[in-house]
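Please read the structure below before turning to the comments.
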There are 2 protein chains.
Amino acid sequence: MTPAGRRIVAAAEELFYNRGITAVGVDLIAEHSGVTKRTLYNQFGSKDHLVATYLTGRDQRWRSLVRAAVDAGDTPAEAVTAPFEALRTWSETNTRGCAFINALAELPDPSHPAHRIAANQKLWLLNLFKELATTAGCPHPATLATQLLVLHEGAVATQPLPLDSLPESTDLARALVQAGTSPRH
Amino acid sequence: MTPAGRRIVAAAEELFYNRGITAVGVDLIAEHSGVTKRTLYNQFGSKDHLVATYLTGRDQRWRSLVRAAVDAGDTPAEAVTAPFEALRTWSETNTRGCAFINALAELPDPSHPAHRIAANQKLWLLNLFKELATTAGCPHPATLATQLLVLHEGAVATQPLPLDSLPESTDLARALVQAGTSPRH
DNA sequence: GGGGATGTTTACAGATCAGTATACCTGCGA
DNA sequence: TCGCAGGTATACTGATCTGTAAACATCCCC
């Protein structure tokens with residue numbers, strides 16, 4: 001990607017996430033990235049393609065953050081709930097909810113690339129939970145992974161409320177993992 | 001509200017929810033409700049006001065459904081997780097996620113009425129969980145209520161994924177209530 | 001030194017946006 | 001019978017939307 005292309009994506013990310021995709025026009029993105037609209041269209045061809053690029057970039061950054069958190073876990077049981085630690089960091093600078101859920105809200109057409117990207121992101125996290133649960137020796141990895149994903153998405157969705165939902169979700173997630181890994185009594 | 005006003009709100013609800021608020025223009029709403037744009041503006045004054053009316057109406061319908069489910073519960077413990085039963089019914093005809101979360105995604109301005117309505121809806125459900133948990137004799141109603149709300153919102157958010165997340169969430173919610181109401185052993 | 005990739009500048013097309021203006025119709029209650 | 005609320009019909013404003021046209025500048029690599 002060219003330097004101008006990178007600036008465009010950076011501006012698009014900031015504007016799309018904070019103001020909404022439909023509400024932000026390509027003229028505004030061009031202006032914020034110090035670039036001509038012609039250059040924007042030479043690089044991305046259409047607004048839809050730029051939206052897809054924006055979401056893909058966010059997805060990659062998020063996955064990197066999660067992988068780092070997972071790798072930083074001391075025990076396999078800790079690694080299972082590491083994505084919740086990543087979410088805590090992520091939420092400090094991303095206070096407008098999940099960019100993918102938001103994108104689906106604005107782009108109802110299921111054939112839009114945003115739908116595939118968003119679904120893949122959630123399914124990636126689900127599979128990660130499943131693998132980590134298996135590694136940690138949890139008895140029902142698939143069920144646990146679904147529960148953890150629900151808790152994760154619930155924590156993101158309730159982010160704007162005055163609730164401290166993320167610590168509660170993290171605690172509950174740890175308890176579920178603990179119940180699976182610790183011996184029954 | 002006049003007959004024309006009701007038709008306008010009905011058309012707005014269907015279009016806003018399924019296609020997105022920003023993506024739907026007032027002309028389209030007027031056309032779908034068999035009404036002139038002049039009538040629409042005589043009734044609601046602005047698109048923002050119509051959006052607020054749409055969300056308020058949805059909120060009332062949702063609360064009625066939840067209250068009915070709560071009242072249908074046989075035991076206090078069953079009543080606590082009754083909103084999950086309501087969600088199951090609701091999801092059959094509302095497959096595009098939470099209208100309030102979606103509205104916040106499209107309308108970033110915190111002073112927009114939609115923000116107040118959405119926050120009130122979630123806080124209403126939180127308080128309902130808290131009251132029901134208290135009635136059922138759960139030891140930590142506030143904590144449990146937060147957990148149940150997270151599970152609820154998580155189930156809504158993961159609705160488009162091929163996951164069966166709602167049954168899992170409901171089961172987990174029941175287990176949490178059970179752990180609180182049943183005697184420790 | 002030529003040529004292609006990367007940009008810029010200005011202007012424009014065609015559509016759609018929220019909201020308004022003006023004039024008219026109709027049914028109902030005082 | 002009068003008046004008014006509710007509604008229709010059509011046209012319009014000014015702004016904004018995505019996307020394109022055409023001509024020109026710069027830089028780097030072959």
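Every heavy atom of this structure was used, including side-chain atoms; hydrogens, water molecules and symmetry mates were not.
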What is the distance from [atom1] of [X] to [atom2] of [N], rounded to the nearest Å?
{"X": "A:E31", "N": "D:dC17", "atom1": "CD", "atom2": "P", "answer": "11 Å"}
{"X": "A:H112", "N": "D:dT18", "atom1": "NE2", "atom2": "C1'", "answer": "13 Å"}
{"X": "B:I29", "N": "C:dC17", "atom1": "CD1", "atom2": "P", "answer": "10 Å"}
{"X": "B:I8", "N": "D:dG6", "atom1": "CD1", "atom2": "C1'", "answer": "11 Å"}
{"X": "A:H49", "N": "D:dT18", "atom1": "NE2", "atom2": "P", "answer": "17 Å"}
{"X": "B:F16", "N": "C:dA18", "atom1": "CZ", "atom2": "C1'", "answer": "12 Å"}
{"X": "B:N42", "N": "C:dA21", "atom1": "CG", "atom2": "P", "answer": "12 Å"}
{"X": "A:L107", "N": "D:dT18", "atom1": "CG", "atom2": "P", "answer": "12 Å"}

### Message
Side chain of B:K47 only, heavy atoms from C-beta on: which candidate in D:dG19, D:dG6, C:dA18 is closest?
### Response
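Output: C:dA18.
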
### Message
Checking contacts here: which listed nucleotide (C:dG7, C:dG19, D:dT18) is nearest the side-chain heavy atoms of A:D27?
### Response
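In terms of side-chain proximity for A:D27, the closest of C:dG7, C:dG19, D:dT18 is D:dT18.
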
### Query
When all nucleic acid strands are considered with a 4.0 Å heavy-atom cut-off, which category describes B:G45: base, sugar-phosphate, or nothing?
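The answer is nothing, as B:G45 stays clear of every strand by at least 4.0 Å.
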
Can you tell me if [X] touches the phosphate of [N], counting only side-chain N or O atoms and a distance under 4.0 Å to OP1 or OP2?
{"X": "B:T36", "N": "D:dT10", "answer": "no"}
{"X": "A:T39", "N": "C:dT6", "answer": "no"}
{"X": "A:T2", "N": "C:dA5", "answer": "no"}

### Message
Need to verify one output field. Residue with the more 5' nearest nucleotide on DNA chain D, B:K37 or B:G5?
### Response
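Mapping each residue to its closest nucleotide by heavy atoms, the 5'-most match is B:G5.
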
### Message
Can you work out whether A:L28 or A:R38 has the more 5'-proximal nearest nucleotide on DNA chain D?
### Response
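Nearest nucleotide further toward 5': that of A:L28.
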
Ignoring hydrogens, what is the shortest heavy-atom contact between [X] and [Y]? Give both atom names and the distance.
{"X": "A:A155", "Y": "A:L166", "value": "CB-CD1, 4.0 Å"}
{"X": "B:L65", "Y": "B:W90", "value": "CD2-CE3, 3.7 Å"}
{"X": "B:E13", "Y": "B:Y54", "value": "CA-CD1, 3.5 Å"}

### Task
Inspect the contact between B:D59 and B:R63 and indicate whether a charged nitrogen and a carboxylate oxygen are less than 4.0 angstrom apart.
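Here B:R63 pairs with B:D59 in a salt bridge, since their nearest N and O are under 4.0 Å apart.
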
### B:D164, CG: over 12 other non-hydrogen atoms inside 6.0 angstrom
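At most 12 heavy atoms, drawn from other residues, nucleotides or ligands, come within 6.0 Å of this atom.
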
